[in-house]
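Written out below as structure tokens is the structure these notes cover.
Residue numbers count from 1 along this sequence. Because the structure is a prediction, the values reported are computed rather than measured.
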Amino acid sequence: MARDEQLKERWEQVVSKLSARFADGEVLDLDAIIYLIGVQELGKPDKRFKKDDKINLMHIAICRLLEPFGYYRFDYQDEDGWPHYEIIEPLPALKAGEQSLLMKEAIVQYFLEKELVQ
């Protein structure tokens with residue numbers, strides 16, 4: 001199977017499984033999935049978050065997702081349990097479609113590690 005086809009198939013598995021579990025049949029978009037990963041990484045799934053917290057959760061997720069690609073490295077966890085990352089290598093200038101593809105690849109890799117997809 002071609003790499004692009006495999007990524008597409010795995011991405012659809014991720015979207016399908018997460019949408020069924022968290023969105024009552026609605027289809028989750030990329031941002032919603034990134035947010036869910038942020039909540040997972042923070043480890044406080046039952047907490048209600050403010051708007052600023054939601055942005056920070058997405059930032060946590062992006063850092064965690066791009067860590068295996070060498071862009072970020074986990075630095076420390078603060079007294080409130082929030083993880084902090086340091087930039088190792090600046091992200092390259094990417095067009096919107098390229099950014100989306102990179103994030104989908106990173107999300108699929110994350111859920112392969114978590115054994116949600118195969």
Heavy atoms of Lys17 and Leu116 approach each other most closely as NZ-O, 2.7 Å

Side chain to side chain contact (heavy atoms under 4.5 Å, CB included), that's the test. Do Ile107 and Leu30 meet it? Break it down for me. CA-CA 9 Å; Ile107 289 168; Leu30 182 61; 3.5 Å; yes

Drop me the distance from Ile60's CD1 to Met58's CE, to the nearest 0.5 angstrom. 11.5 Å

I'd like to check the side-chain hydrogen bond (donor to acceptor under 3.5 Å, both in side chains) partners of Arg73; sequence neighbours left out, ordered by chain and number. Glu86

Calculate, to the nearest 0.5 Å, the distance between atoms CD and OH belonging to Glu89 and Tyr72 respectively. 11.0 Å

Ser16 OG to Arg21 CZ distance, which is reported to the nearest 0.5 Å: 13.5 Å

Minimal heavy-atom distance between Glu26 and Ser19, with the atoms involved, is O-CB, 3.1 Å

Please enumerate all residues that pass side chain to side chain contact (heavy atoms under 4.5 Å, CB included) together with Leu112, with sequence neighbours excluded. Arg10, Val108, Gln109, Val117

More than 12 non-hydrogen atoms from neighbouring residues, nucleotides or ligands closer than 6.0 Å to NZ on Lys114, yes or no? yes

Nearest heavy-atom contact between Phe74 and Pro83 is CE1-CB, 3.6 Å

Please name the pair of heavy atoms, one in Val15 and one in Leu28, separated by the smallest distance, quoted to 0.1 Å. CG1-O, 3.8 Å

Compile the donor-acceptor pairs under 3.5 Å between side chains in residues 32-49 and protein atoms, sequence neighbours left out, one pair per line.
residue	atom	partner	partner atom	Å
Glu41	OE2	Tyr110	OH	2.7
Lys44	NZ	Asp80	O	2.7

With rounding to the nearest 0.5 Å, note down the distance linking CD1 in Ile88 to CZ in Phe69. 15.5 Å

OH (Tyr85) and CG (Leu66) are apart, to the nearest 0.5 Å, by 10.5 Å

